Structure formats: structure tokens, C-alpha cells
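Report on one structure; see the data block that follows.
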2 protein chains.
Amino acid sequence: MRLSRAKILSRALELLDEQGLEALTMRKLATALGVHVGGLYWHFDGKQALLDSMAEDILGLLAPPGPDLEWRERLTALAGSLRQALRSRRDGARLVAGTFVAQPNTLSTGSALTSAVLNAGIAPERASTLAFALFYYVLGHTIEEQARDSQSSESFEALLVQAEGASEEAEASLRSMYEVDADQRFFTGLDVFLDGLSLEASKSPHPRA
Amino acid sequence: MRLSRAKILSRALELLDEQGLEALTMRKLATALGVHVGGLYWHFDGKQALLDSMAEDILGLLAPPGPDLEWRERLTALAGSLRQALRSRRDGARLVAGTFVAQPNTLSTGSALTSAVLNAGIAPERASTLAFALFYYVLGHTIEEQARDSQSSESFEALLVQAEGASEEAEASLRSMYEVDADQRFFTGLDVFLDGLSLEASKSPHPRA
DNA sequence: ACCTGAACACCGTTCAAGT
DNA sequence: ACCTGAACACCGTTCAAGT
């Protein structure tokens with residue numbers, strides 16, 4: 001069974017789903033491929049290079065929104081699709097957060113977000129800044145979602161008990177994370193950001209679309 | 001020289017500043033303290049417990065805003081102070097992102113944000129969700145800021161060259177991260193979110209303050 | 001060109017034994 | 001109570017040597 005970048009990559013993504021980011025080691029990956037560790041280093045420069053490729057692969061799942069969407073629907077679709085892409089693999093958000101790659105899919109994700117923000121009527125010199133702001137929100141939210149997936153519900157109970165002593169707000173905060181489902185929390189925060197964008201655009205309009 | 005939780009913790013934070021999160025190992029920490037590795041495990045249950053304590057220590061730097069501030073000023077101060085706390089140590093944001101602790105400072109950070117959002121006039125059942133949204137934004141932004149600090153400017157040049165081939169937007173995006181300073185990017189994104197909050201509050205007002 | 005085999009320089013964690 | 005000393009079970013990476 002011959003090796004190849006593609007084969008290594010897909011096996012690595014499988015391992016990620018099965019065991020999580022922590023357990024993804026070059027040695028386990030080699031064993032899973034029926035090969036000695038050293039062999040991997042002919043195809044990839046190192047573990048980080050492999051992780052970068054995995055992140056790039058995940059961002060490749062981002063669905064380009066239909067071209068006839070209004071800016072707000074377009075940004076909602078993009079942000080939702082980005083979140084889904086990150087959620088497609090266990091620890092996907094943390095994986096992407098740990099890499100900073102200039103590869104096709106990563107760059108096109110950035111430019112898709114930026115052009116959608118431009119379409120909202122935001123001035124060019126602020127558009128990319130705000131596109132990144134949106135990206136950070138999606139990334140941060142999804143990291144936390146997946147962190148919760150990996151946590152046993154018992155340890156979350158314990159956390160709640162701890163919080164009860166602290167303050168009303170602290171307890172209510174945690175409880176809402178437990179009760180309100182992730183989709184709703186995600187889109188609630190997103191909508192507030194988009195409300196802000198539309199207000200920003202109406203203040204100093206740069207018409208487009 | 002006797003060991004203690006406090007001594008281990010402060011030496012660990014120094015090591016973090018000097019070498020970064022990757023290089024912070026139990027063995028190096030033990031050596032820096034003039035002690036054998038095993039000794040650390042009497043004071044901390046494991047490396048994660050130490051990291052949790054470090055995160056808790058960092059969040060302890062969050063300055064409580066004056067009580068007579070208007071909600072928007074209060075949230076701006078809180079978010080800015082949170083960012084500064086995370087930036088007080090090398091890789092501070094990534095450190096905090098990797099922990100999910102129910103300890104006093106962590107919980108009080110959450111409740112400070114939540115009560116400030118409540119003060120903005122947001123309905124209680126949405127306040128904590130939006131407080132978290134804000135938290136994710138600050139965390140994500142600061143992680144990226146610190147990632148850039150740790151990157152050589154040459155590798156950033158190389159990234160830009162890569163991006164030039166991709167698309168206009170991609171290049172402009174990256175260039176803006178390079179040119180616009182971090183403070184300005186941070187508060188630009190924050191303002192948009194706060195604009196959204198005020199709009200949200202005016203739609204279904206829950207008056208407070 | 002592509003992989004083996006073995007080594008190098010590390011890790012986190014445990015635990016009997018010492019003091 | 002607090003730490004030593006030593007071991008266990010891992011890591012990522014390199015590289016001569018094989019095919």
C-alpha cells in the first residue's frame with residue numbers, strides 16, 4: 001500500500017474525528033497507515049505542515065452563497081457555513097485557530113467574508129477589519145461549542161455547583177450555555193453584529209450592490 | 001528553597017513570557033525551580049491544573065470599571081481591560097482559551113460582562129448569550145494579535161506574496177492586518193458589536209439604570 | 001523516489017523510597 | 001508533609017541505509 005499526501009491527509013482527518021486533536025500524533029497516524037513514522041516526513045515537512053493542510057481541507061467545505069443574496073442573508077449564510085465547516089470534524093475550530101495559512105481555501109474564505117462586508121456598504125478601509133472581527137466571533141464561538149462537546153456533562157454539573165457560590169450572574173450565564181442550544185446562541189450573537197454593521201453602513205454609506 | 005503553589009505559579013508565568021506556551025513544560029519548570037519533576041505533582045494535580053491556575057491568575061488582572069459609567073463606556077472599558085489582561089503574558093489569550101475553569105476570577109469576568117450587557121437594556125435571557133459573544137470576539141482577536149507577535153515579519157511578507165496571486169480582497173485583507181494597528185482594529189470591531197447591542201436594546205427595551 | 005530501522009532528544013505522570 | 005530518584009509510556013524529528 002503506497003503512501004501519498006492525499007492518503008495521509010484523509011487518514012489524519014479520520015483519526016481526528018475518532019480521537020480528537022490531542023491524540024493525533026505522527027506515530028499513531030503512521031501505525032494507522034501501516035507505515036513507520038519516518039515515512040511521513042517524506043510527504044510532509046513536519047506535523048505543523050500536516051495540521052495546516054488539514055485546516056485548509058476543512059475550510060474547503062465552505063459553501064459559496066448564491067450570488068443573488070442580499071448582503072445580510074449572504075453574511076448570515078457565510079458565517080453559518082463557516083461554522084458548519086469547522087464543526088465537520090472534531091476539534092475543527094481549534095485546529096483552524098492553531099494555523100495561519102496562506103493557502104487557497106483559507107484565503108478565499110477571507111476574501112468571501114470581506115467582499116460580503118463590502119457589499120453591506122462598509123468603507124473599504126474598514127471592511128477587512130470587520131470581516132476579521134466576524135471571523136473571530138465564529139471561531140471563538142465554535143471552539144467553545146466543541147469544547148463543550150468534549151466535556152462530560154458531569155463535569156459541567158460540577159462547574160455549575162461551583163458557580164452557584166459566586167454570583168447570580170455567573171450562575172445564570174453558565175446555565176444559559178447549558179440550556180439555550182448552540183444554534184440559537186450563535187445566531188443571536190451574529191444578528192447583533194450584523195445589526196451593528198447595517199447601522200455602521202447607514203452612517204457613512206458606500207453604496208454597492 | 002521550599003516549594004509552594006504560589007512559587008510554582010509565578011515561575012511558570014515567567015517561563016511563559018520568556019519562552020511561550022509551547023515551550024512551557026513541567027520538566028523545564030522543575031529545573032527552573034531547582035527541583036525534580038515529580039515534586040510539582042504534589043502541589044498540582046497535573047499540567048492542566050497548573051494551566052488553569054495560570055489562566056485564573058491572568059483574568060485576575062481585569063480592572064473593574066467605575067460604577068458610574070454609562071453602559072457603553074462600561075462595556076468598552078471591560079472589553080479593553082480583558083484584552084489587556086490577556087496581553088499581559090505571552091500567549092495569554094491562547095492559554096485562557098484552552099481552559100474552562102470555574103474559579104473566582106473567571107466567573108467574575110463572566111458576570112461582570114453579563115451585568116454590563118444587562119445594563120445596556122438587553123433582556124435577561126439573551127444577556128449572557130451576548131456577553132459570551134463579546135467574550136469570544138475579544139478572545140479570538142487577541143489570539144490572532146499574539147499569533148502575529150510570535151511570527152517573524154519575513155514570514156508575513158511571504159504570506160502576502162502568496163495572497164497576491166489569490167484575489168484582490170484577500171490581499172487587501174492581509175495588508176490591512178499589517179498596516180492598521182491592533183488597537184484600532186480591536187475597537188472598530190467592538191464598536192460595531194456595541195452598535196448592534198444598542199439597536200437590539202431599543203427594539204425590545206428592558207430599562208435598567 | 002520512497003520507505004525502513006534505529007536512534008536522539010525530549011515529553012507528562014506515577015510512585016516507592018527517603019527525610 | 002514534601003520531595004527525590006527512577007522508571008514507564010509516550011512524543012516529534014532526523015537520517016543513514018535499504019529497495
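Below, chains carry the letters A, B, ... as their sequence lines are ordered, and counting in each starts from 1. From a predicted model like this one, the values you see are computed outputs, not experimental measurements.
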Verify, without hydrogens or angle tests, whether [X] (side chain) and [Y] (backbone) share a donor-acceptor contact under 3.5 angstrom.
X      : Y      : value
B:S150 : B:Q146 : yes
A:R5   : A:H43  : yes
A:E56  : A:T106 : yes
B:S81  : B:A77  : no

Set out, line by line, the N/O atom pairs under 3.5 Å between protein and nucleotides 16-19 of chain D.
none

Report the distance from atom [atom1] of [X] to atom [atom2] of [N], rounded to the nearest whole Å.
X     : N      : atom1 : atom2 : result
A:L3  : C:dC2  : CG    : C1'   : 9 Å
B:L29 : C:dC11 : CG    : C1'   : 14 Å
B:M26 : C:dC10 : CE    : C1'   : 16 Å
A:K7  : C:dC3  : NZ    : C1'   : 13 Å
B:E22 : C:dC10 : CD    : P     : 16 Å
B:I8  : D:dC3  : CD1   : C1'   : 11 Å

Closest listed nucleotide, where the reference is the side chain of B:R2 and the choices are C:dT13, C:dC3, D:dC3: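 Of C:dT13, C:dC3, D:dC3, D:dC3 is nearest to the side chain of B:R2.
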Parallel, tilted or perpendicular: which fits the ring planes of B:Y136 and A:H141, with parallel below 30° and perpendicular above 60°?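 Ring orientation of B:Y136 relative to A:H141: perpendicular.
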Taking the P atom of each, how far is D:dA9 from C:dA9, in whole Å?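 One P to the other, the span is 22 Å.
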Under-4.0 Å salt bridge between A:R90 and A:D17: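 A salt bridge is absent here (no side-chain N lies under 4.0 Å from a carboxylate O).
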Do the side chains of A:R148 and A:E145 get close enough for a salt bridge, i.e. N-O under 4.0 angstrom?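 The answer is no: the pair does not qualify as a salt bridge.
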Taking only distance into account, with no hydrogens and no angle test, what donor-acceptor pairs under 3.5 Å do side-chain atoms of residues 19-36 of chain B form with protein atoms, sequence neighbours excluded?
| from | atom 1 | to | atom 2 | distance (Å) |
| --- | --- | --- | --- | --- |
| B:E22 | OE1 | B:R94 | NH2 | 2.7 |
| B:E22 | OE2 | B:R94 | NH2 | 2.9 |
| B:T25 | OG1 | B:K28 | N | 3.0 |
| B:K28 | NZ | B:A23 | O | 3.4 |
| B:T31 | OG1 | B:R27 | O | 2.9 |

Other residues, nucleotides and ligands only: do more than 12 of their heavy atoms fall within 6.0 Å of CG on A:D45?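 Atom CG in A:D45 is not crowded, with 12 or fewer foreign heavy atoms closer than 6.0 Å.
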When you measure from every atom of DNA chain D, which of residues 34-52 of chain B have a heavy atom less than 4.0 Å away?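 B:V35, B:H36, B:G38, B:G39, B:W42, B:H43 - these, ordered by number, are the residues of the stretch whose heavy atoms sit under 4.0 Å from the strand.
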Return the pairing partner of D:dT4 with a 3.5 Å limit on both distances, Watson-Crick or G-U wobble; otherwise return none.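 When the pairing criteria are applied, C:dA16 turns out to be the nucleotide that pairs with D:dT4.
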